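Computed over heavy atoms, backbone and side chain alike; hydrogens, waters and symmetry mates excluded. Please read these numbers as outputs of a predicted model, since none were measured by experiment. Sequence lines set the chain letters: A, B, ... in the order given, protein chains first and strands last, and positions in each chain run from 1.
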Amino acid sequence: MIELKKSYSPEDIEDKWYSIWENNGYFKPDLNAAKSPFCIVIPPPNVTGSLHMGHALNVTIQDIISRWKRMSGHKVLWLPGTDHAGIATQNVVEREISKEGIDRHKLGREAFIEKIWTWKAEYGSRIIHQLKKLGASCDWSRERFTLDEGLSKAVREVFVRLFEERLVYRDSRLINWCPRCHTALSDIEVEYEEIEGKLYYIKYPLTSNSEVQTQDFIVVATTRPETMLGDMAVAVHPEDERYKNFIGKNLDLPLTGRKIPVIADLSVDLAFGTGAVKVTPAHDFNDEAIGKRHELEAISVIAKDGSMSAEAGQRYKGLDRYQCRKKVIEDLNELGLLQGDKKHLHSVGHCYRCKTIIEPMQTIQWYVKIESLAKEAIKAVEDKKIRLIPEQWENNFFAWMKDIKDWCISRQIWWGHQIPVWYCLECKGEDGMPLKISQRQDPTECPECGSKNIIRDPDVLDTWFSSALWPFSTLGWPDDTEDLKTFYPTSVLVTGFDILFFWVARMIMMGLKFMNDVPFRDVYIHALVRDSKGHKMSKSKGNVIDPLVMIEKYGADAFRFTLAAFAAQGRDVRFSEDRVEGYRHFINKLWNAAKYIINIQHPDVASFSELSEPPKPSTLPEKWILNRLAITVEEVNRNLTNYRFNDAANNIYQFVWHEFCDWYIELTKPVIYQGSDNEKNEVIKCLFFILEKTIRLLHPFMPYVTEELWNTVFKNSESIMVSPYPEGLPKYSDADAEMNYVINAVAGIRSIRGELNISPSLEIKADIRTLSNEVEKILKDSLPAIIKLTRCKEINIGADVKRAKGSAVSVKEKMEIYIPIEGLLDIKSEIDRLQKEKTKIDDAIAVLNKKLSNEDFLKNAPDAIVQKEKAKFDNLIHRIGKIEENIKLLKQVNSE
RNA sequence: AGGCGCGUAGCUCAGUGGGAGAGCGCUACCUUGACACGGUAGAGGUCAGGGGUUCGAUACCCCUCGUGCCUACCA
C-alpha cells in the first residue's frame, strides 16, 4: 500500500535524493553513449564566496537546462569549479591573520601562500556544499580550481605563446593603483561612485622676473590640492582671452619653490572652473596625456601605500594623502593663496575589491595587446557564431569591444599564477631593459648569455586571466583529451551581465585565439537579483536575502521554482519572499493531487502506475485534459529552448493547478466514486498518465519533490532523472471548445449561487436552455459531472427549456441558465437579512469614511495600511451595490 | 552628456495589434471523503501622461515626466 504524508515536507527528502543521484553517477555523462553532447561550464564562484541570490539564480537556470537536456537524450556535462579570486582571497586571509597581529610581509611570501591554501582547504568547499543544497546536478568528479595543476599548465602555455607572439608586453605608464591592496588594477576593476567633494581655487603667482605685473596670478581649480606638489604646468585653452598673455610664462608653484610653465592645450574646457588646469602628469590620466603632448616630466608625489613620497617635500613626506590635502589647504590659506572652495559632485574611482579610492600611479606592468583579439571576438558575435541572449546585449558588447584598451594583467599580490617571466641581470633586451625570458619550463640560466644570474618576476596574473581560459582549460587543454574533443565548444554559458566584460568577452577572445573556435554557442545573460525596492543586495546595505534561509524555510524546489518564474528576459529580478511561499503551496497542491490518485480504490490500481502508452479516451474530460497536457508540454519545450524560463514555469503552474486540479480531478470524482469499473479504468489510466508526465515535465524545476513522487507512485525506472522528458503527445483539438461549454455551465450556476448567497449545502434545481444541438449533447453527456460540481439535485437541459417564474438568470455562450429561487430561499426573510446586512455595511462605511477623512490618520499611518483601508472601503461600496441589486431581484421574483 | 531598460491591480511581477492577467494581500460564504499550504463567488486597473500610425493601440512611432543601470567626463 503506497502512502504519502499529509503534506509535503522537503527537509525529509532533499539530502537523501541528492546523495543517491550523486552516488549513482547520474551527474556524469557517459562519453561512449551514442547521444549528442551538451556542455555547460559553471561560472566559477570565488573560493571565498558563500552562496548569494545571484548564484542561486545562475545555478538554478543551469540546472534546469542540464536536467532538461539530460532527460531529452543528450550526454550532458555540467562542469563545476571555483576561482582562486586573487585579490579577494588574499584580502580575506590578510584580514584573518591580522586578527592574530600578523601581516603578510612579516610572514613572507611562501608562508603566506601556505596560509591561504590551508584556509582554502578549510573554507573553500563551503560554496560547493551550498550549490549541492540547491540541487545542482554538476559532475563533481570533474570539479576544477583555477590554481589546479592542469589549469596552471594552461595558463603557462597561454602566457608563453602570447609572449612568443609579442602579444604580451611590459610597459611603464599610469595605471589604476589600489593603495590598500597594493596592486595595479585593470580599467574595469575600478568602480566609479559619485561623491561630494570640494573644488578648491588656488592662486599660482607669476614668477616675479616676468615682464607682467608681479601681483598677477592664475587661479586654478582642483579637487585634489595635494597633487599640486607634483604639478608640472598650468594648461589653458589657446583661444582663452583671459589667459592668452600668460602662455609661455612661468608661475611660482606655491609650497615647492619650483617654477612651472603656462601651456596651451586644446583639451582644456573654457567653461569649467577657472579655465586654467593644473597639470600633474604623475597622478591623473588626462594630465598624463597633456604631459606627453608637451614633453613634461612626471614627478610622483604619492607613494604606493597612499602616503606622500619624498618628492612631495620634507614638510609633507610620509603624510597620508588626505592628511596632506588638509595641510596643503592650511598652508595655502596662511600664504593667502587660497581663494576659496565650493562643493563639487564628481565620480571617484574605487577598488572593486576593497572600495579604497584608487590612485593613478606610474608603474611598470604587463599588458595584453588586445586589438587583434577583440576584432575576432566582434566578428564571432557579428557572424552569430555566438548568440547573446537577450540580443540587446550585443550593443553593449560591441560598444565595449570596439573601444577596448590593452589589458593590464600583472598584479602586485602573491595569491595567483606567478608570471612566468625571468629577467637576466647580465644582458639587456632590445628595449634596453633586462632581457625577458618566458618558457614552458622554468629556466635555470639565460639563454642568451648563459648567466645563472636570473630572477623571476614577483607579480602574479590578474585572476581573470585564468578565468578567460576556463571553457577549455577545465576540459584538459593543452592536452588533447576526450573531454575536450567531446564537449568543446560548450553549448551555453549562463551568466549575469555584471561579468560580461570581466569574463565573457575575454573567454571569447582566448577561445578563438587558442582553440580556433568559439568557447560557447549561446550566452544566456540573466538579470541581477535585487531587493524588493530594486536595489542591489549588499551586506553594507543590509538588504541581503540568504538563499540558504529560503531553502530551509520553503525547500529548494519552491525556491528554485520562484527564481525560474522570476527569470524574465531583460529585466532585473526583484525578489519577494511571498512568491516563494506561494510556490510552496503549489508543491503541496501537486502532492495532494498525487495523494488523491494513489488513494483511489480499484482492484488493478497498481498496474496503472506502469502505463507507458498514452490512453485513448472516448470521453470529453479525458480528451480535454490530455489535449491540455499535450499543449503544455509543447509550450514548455518551446519556452525552454528559447530560454524563457518564467514562461515555462507558468505554463506548468497553470496546467497543474487550474486545469488538472481545479477541473479535471473534480470531473473525475463522479466516476471514481460512483462509476462502473470500466468507466473507472479509463479515468484512472488518464490520471496516472497525466501525473506521470507532469512530474517529469516539472523535474528540471523541482527535482526533489518530483523524484519523491516518482519513486513513491511509479516504480518503472530507477530515477526520474534518467527518464525521458515529455514531448510530442497526442492532441484532441476539438476538446478545448467543447469543454468550454461544460465549464461555462458550471460557472454560470455557481455564479448565481454565490451572488444570491444560496447555501452550498442546499441541493437546487437548474434549467439550461441550449442554443445549439451540439451544446445540448455535450452538456447532457457531462451531466453527472455538472450536477456534482454545482451541487444540484437536478438539471434540465434542452432547446425547449423555458425560464420558470421567479428564477435568476445567467447568460453564457450558446446557453442561458435559469435557477428558480422561489422555495429555495424564504424570500421575505432573505430580503430582511439583506436589509440588515446593508445597515451593517452602511455603518462600516461611515466608520471607514471618517477614518479616511482624518488627516492625522492619513499623515501618520503607514502607506500600506492606508491603501488597505481604501481597498476595504471600495469593496464595501461595491457590496452595498450588489446587495441593493439582489434586494431588487428578490422583490421582483416575489411579485412575479 | 551618450547608450540601454523600466513605469500594467494595494505589493511583487508576467503579457499581447482586437478578451487586461498571475502570485501575495483584500471581502463574503464553505471543515463538500487529495489539499484550509484548500474550495467557490467577488472587489480592485484611463496598462505613467500627451501626440501620431491603424478599422482598432496597453502593445508600434514621437515627445514629456518619473525611475533604474551602463559608458564617458568631471581640473
Report yes if a side-chain nitrogen or oxygen of A:Lys6 is closer than 4.0 Å to either non-bridging phosphate oxygen (OP1 or OP2) of B:G38; otherwise report no. no
Is A:Glu581 salt-bridged to A:Lys553, going by a charged N under 4.0 Å from an acidic O? no
In whole Å, what separates the P atom of B:G44 from that of B:U27? 15 Å
With sugar-phosphate meaning primed atoms plus P, OP1 and OP2, does A:Leu199 contact a base, only sugar-phosphate, or nothing at under 4.0 Å between heavy atoms? sugar-phosphate
Could you work out the separation of B:G18 and B:C26 based on their P atoms and round it to a whole Å? 34 Å
CG of A:Asn740 versus C1' of B:G19: gap in Å, rounded? 12 Å
Base of B:C35, side chain of A:Lys589 - is there a donor-acceptor contact under 3.5 Å? yes
For a 4.5 angstrom cut-off between non-hydrogen side-chain atoms, does A:Leu199 reach A:Tyr201? yes
Polar contact flag, side-chain donor to acceptor under 3.5 angstrom, A:Lys278-A:Thr227: yes
Proximal nucleotide (of B:G39, B:C35, B:A41) relative to the A:Asn592 side chain: B:C35
Determine the sole option in A:Phe566, A:Tyr554, A:Tyr583, A:Tyr704 for which the ring-ring contact (aromatic ring centres under 6.0 Å, His included) test with A:Phe561 is passed. A:Tyr583
P atom, B:C61 versus B:C6: distance in rounded Å? 11 Å
Calculate the interatomic distance between A:Glu193 atom CD and B:U71 atom P; express it in whole Å. 13 Å
Atom NE2 of A:His658 to atom C1' of B:G38: distance rounded to whole Å? 13 Å
Closest to the A:Gln392 side chain, choosing from B:G33, B:A41, B:C4: B:C4
Measure the distance from CZ on A:Phe586 to P on B:A22 and round it to the nearest whole Å. 16 Å
Modelled atom types, side-chain donor and acceptor of A:His237 and A:Asp265, under 3.5 Å: no
Nearest whole Å is fine: how far is B:A72 P from A:Ile404 CD1? 12 Å
Indicate, with a heavy-atom threshold strictly under 4.0 Å, whether A:Ser751 touches base, sugar-phosphate, or nothing. sugar-phosphate
For A:Arg791 and B:A41, give me the distance from atom CZ to atom P, rounded to whole Å. 13 Å
Between CZ of A:Arg584 and P of B:C24 the distance, given in whole Å, is 12 Å
Give one of base, sugar-phosphate or nothing for A:Asp578, where a contact means two heavy atoms less than 4.0 Å apart. sugar-phosphate
At under 4.0 Å between heavy atoms, what does A:Asp269 touch on the DNA or RNA strands: base, sugar-phosphate, or nothing? base
